[in-house]
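Keep in mind that this is a model prediction, so the values were computed, not measured. Because only heavy atoms are used, hydrogens play no part in the values below, and waters and symmetry mates are left out as well, while side chains stay in. Just so it is clear: chains get the letters A, B, ... in the order the sequence lines come, proteins before strands, and each one is counted from 1.
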Amino acid sequence: DAKTTQPPSMDCAEGRAANLPCNHSTISGNEYVYWYRQIHSQGPQYIIHGLKNNETNEMASLIITEDRKSSTLILPHATLRDTAVYYCIVMPTGANNLFFGTGTRLTVIP
Amino acid sequence: DGGITQSPKYLFRKEGQNVTLSCEQNLNHDAMYWYRQDPGQGLRLIYYSQIVNDFQKGDIAEGYSVSREKKESFPLTVTSAQKNPTAFYLCASTLLRGGNTEAFFGQGTRLTVV
């Protein structure tokens, strides 16, 4: 399974866009990119996923580069409640090992 | 409503005792997973199961055991052989069909061994 690399921490001003990068240079053609976030002492929460095309939902946007070796999660207007650890993972169809890594700790500053 | 439930939320045990953490899902998911999380760390995979009566070791299986007698249940036993059992334990489940394998997580069990 491909693994991912994320910066350990980032800060973002409240109301501004938070752009969280993820490198997945060994991703395979059948692997999706997923983003989750974990607020302190809770289970991770699904945010968004994609294969090739950029995706948007009510929580965030996902931008995947054309070569699929990296992606960026965008929170368009960060709030204090978006302070969490964000995990980028890649999973093939029929995944049997969800490798999470250490993620990026995003702190939204008032 | 469908979901995945872990119990209890907090658990205290004396050193040397085995303890079993419960994980139940009513999502009809095929695969289930157990993770361990230590303070300030990411999630590490302990065991996973893709089908009833079958399971595989993850990265840190030593000192743990699991069973998968029913599709909806995947209990984790922390044995006395686990050297540092105090941690936050998370259970997850996924479908294994189609292109979307979104994982659903329970709210976790915080185990403290004294």
(message) Quick check: under 4.5 Å, non-hydrogen atoms only, which of residues 106-114 of chain B neighbour chain A?
(response) B/Gly106, B/Gln107, B/Arg110

(message) For residues 80-88 of chain B, give me every residue with a non-hydrogen atom less than 4.5 Å from any non-hydrogen atom of chain A.
(response) B/Phe88

(message) Report which part of B/Leu90 has an atom under 4.5 Å of a heavy atom belonging to chain A: side chain, backbone, both, or neither.
(response) side chain

(request) Heavy-atom distances under 4.5 Å only: say whether B/Gln56 touches chain A with side chain, backbone, both or neither. (result) neither

(request) Sort A/Gln45 into side chain, backbone, both or neither according to what part of it lies under 4.5 angstrom from a heavy atom of chain B. (result) neither

(request) Working to the nearest 0.5 Å, report the span between CZ of B/Arg44 and OG1 of A/Thr102. (result) 12.0 Å

(request) Measure the spacing between OH of A/Tyr46 and CZ of B/Phe104 and express it to the nearest 0.5 Å. (result) 9.0 Å

(request) Report yes or no: does A/Tyr34 contribute a side-chain atom to a donor-acceptor pair with the main-chain N or O of B/Ala103 at less than 3.5 Å? (result) no

Honestly curious: do [X] and [Y] fall in one hydrophobic cluster under the side-chain, below-4.5 Å linking rule?
X       : Y        : result
B/Leu11 : B/Phe105 : no
B/Phe74 : B/Leu45  : no
B/Tyr48 : B/Tyr89  : no
B/Tyr33 : A/Tyr87  : yes
B/Tyr35 : B/Ile4   : no

